[in-house]
Amino acid sequence: MTAPQYGKAKPALLLADEFFLCGLDDMTGEQRLEPQALAVGLAAAVLGELMLSRHMIIEDGLLRVADVPAADELQERVRAWARKDHSVEAAKDWIMVLVARDIAELVKHRMLASGKVVRTTRRRLLRKPLELYVPPSLSTAAAAGVRIAGNLSVPRPLSTADLLLAGLLRATGRDREILSHCEPGVHEELERQIRTNLWPSAVALIDNATEVLVTAAVTPLF
């Protein structure tokens, strides 16, 4: 795939960073997502970043990659992996490859480098100390979830990036807590917007992440 098939690229949104923050408890800073759900969600979110920046699409379940480098270092590493490795083609399989390559640690490293989180250790009585990656202000962790819940409750159309983020939060089960104070119909509204307002590659990415987690039989921690 070459760049002209995508047109002029838009600046990439760091979707994986927002996904990680949405997984945090905004009171304690602890990660509420089970490690496998977090890793799968982050893997899909990085692929989503590359889709938003028009470096990737999914066609017939296969990941197609542009030959134009991505500006973000982590995005470019993932794009280069997918571009060079022809032994893996299915988007679902690439999610699992990124999990195996410790995508969660790579995302946390990017967030540390950009100052979005700081690393801290919490001592626990008779238990191993807990290492946390938290934003300078814990209110940041709730920001995207509050925005998504507020817009869906009206209802008001989510931005493309927020809709993709909300879809991945739903795939990992995190939407249940984020939308817990909303009316029951908010889940149907999210599904309607995903199927109506997202382009096919993004819908396929959400479906693939969901399938990976269902296959792994991941149970949320909350």
Side-chain angles (χ1 to χ4, degrees), residues 1 6-7 9-23 33 36-66 68-83 88-108 110-111 114 116 143-145 147-148 151 157-175 178 190-191 193-213:
M1 176 175 293
Y6 280 91
K10 297 179 181 179
L13 177 70
L14 298 183
L15 193 67
D17 295 7
E18 286 208 309
F19 181 88
F20 180 87
L21 293 174
C22 283
L33 284 167
Q36 181 74 359
L38 176 64
V40 169
L42 290 175
V46 173
L47 295 179
E49 291 178 11
L50 286 157
M51 290 179 183
L52 288 169
S53 63
R54 302 180 183 180
H55 285 86
M56 286 183 176
I57 59 173
I58 297 175
E59 286 187 344
D60 299 323
L62 305 180
L63 198 64
R64 295 186 61 202
V65 187
V68 178
D72 176 78
E73 182 179 351
L74 176 54
Q75 291 175 15
E76 174 54 19
R77 182 184 297 192
V78 171
R79 187 204 68 86
W81 283 342
R83 183 73 178 171
V88 182
E89 294 185 326
K92 180 181 68 173
D93 293 339
W94 268 109
I95 291 175
M96 294 186 287
V97 168
L98 294 180
V99 171
R101 294 185 181 181
D102 219 355
I103 192 67
E105 289 303 313
L106 296 176
V107 171
K108 286 187 281 188
R110 180 175 70 177
M111 296 181 75
S114 64
K116 290 184 179 178
R147 185 174 67 244
I148 288 169
N151 283 325
L158 296 175
S159 69
T160 300
D162 273 357
L163 190 49
L164 181 50
L165 174 62
L168 294 177
L169 292 171
R170 188 189 65 176
T172 55
R174 183 61 176 156
D175 66 317
I178 289 174
L190 174 57
E191 173 66 14
Q193 289 198 29
I194 287 173
R195 301 300 164 182
T196 303
N197 298 345
L198 276 184
W199 74 105
S201 284
V203 176
L205 180 66
I206 293 168
D207 289 345
N208 285 338
T210 303
E211 184 179 351
V212 169
L213 288 169

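Only heavy atoms go into these numbers, but all of them, side chains included; no hydrogens, no water, no symmetry mates.
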Output the distance between atom [atom1] ([X]) and atom [atom2] ([Y]), rounded to the nearest 0.5 Å.
| X | Y | atom1 | atom2 | answer |
| --- | --- | --- | --- | --- |
| Asp93 | Leu63 | CG | CG | 10.5 Å |
| Thr160 | Gln193 | OG1 | CD | 10.5 Å |
| Leu163 | Asn197 | CG | CG | 6.0 Å |
| Leu47 | Leu52 | CG | CG | 11.0 Å |
| Asn208 | Leu213 | CG | CG | 11.0 Å |

Which heavy atom of [X] sits nearest to which heavy atom of [Y], and what is that distance?
| X | Y | result |
| --- | --- | --- |
| Leu190 | Ala166 | CD1-CB, 3.7 Å |
| Leu42 | Phe19 | CD2-CD2, 3.7 Å |
| Val46 | Ala16 | CG2-CB, 3.7 Å |
| Ala209 | Ala44 | CB-CB, 4.0 Å |
| Leu33 | Thr172 | CD2-O, 3.7 Å |

List in chain and number order the residues that pass side-chain contact (heavy atoms from CB on, under 4.5 Å) with [X], two or more places apart in sequence or in another chain; answer none if no residue qualifies.
| X | value |
| --- | --- |
| Ser201 | Met51, Ile57, Ile58, Trp199 |
| Ile178 | Cys22, Leu169, Arg174 |
| Ala43 | Ile95, Leu98, Val99, Ile103 |

Going by salt bridge (Lys or Arg N to Asp or Glu O under 4.0 Å), name the residues that satisfy it together with [X], two or more places apart in sequence or in a different chain.
| X | answer |
| --- | --- |
| Glu89 | none |
| Arg147 | Glu18, Asp162 |
| Glu73 | none |
| Arg110 | Asp17, Glu49, Asp72 |

NZ/NE/NH1/NH2 to OD/OE distance under 4.0 Å, Asp207 and Arg195: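 Looking at Asp207 and Arg195, the cut-off is met.
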[X] side chain vs [Y] backbone, donor-acceptor pair below 3.5 Å:
| X | Y | result |
| --- | --- | --- |
| Trp94 | Ala82 | no |
| Glu76 | Ala70 | yes |
| His55 | Arg79 | no |

Using side-chain heavy atoms (C-beta onward) and a distance below 4.5 Å, is [X] in contact with [Y]?
| X | Y | answer |
| --- | --- | --- |
| Leu168 | Leu15 | yes |
| Val65 | Trp81 | no |
| Glu211 | Lys92 | yes |
| Leu14 | Gln75 | yes |
| Arg170 | Ile194 | yes |
| Arg54 | Val68 | no |

Candidate pair Leu198 and Ile206, rule side chain to side chain contact (heavy atoms under 4.5 Å, CB included), full reasoning: CA-CA 10 Å; Leu198 276 184; Ile206 293 168; 3.7 Å; yes
Pairwise side-chain hydrogen bond (donor to acceptor under 3.5 Å, both in side chains) hits with a residue in residues 95-108, at least two apart: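 Qualifying pairs: Glu105-Lys108.
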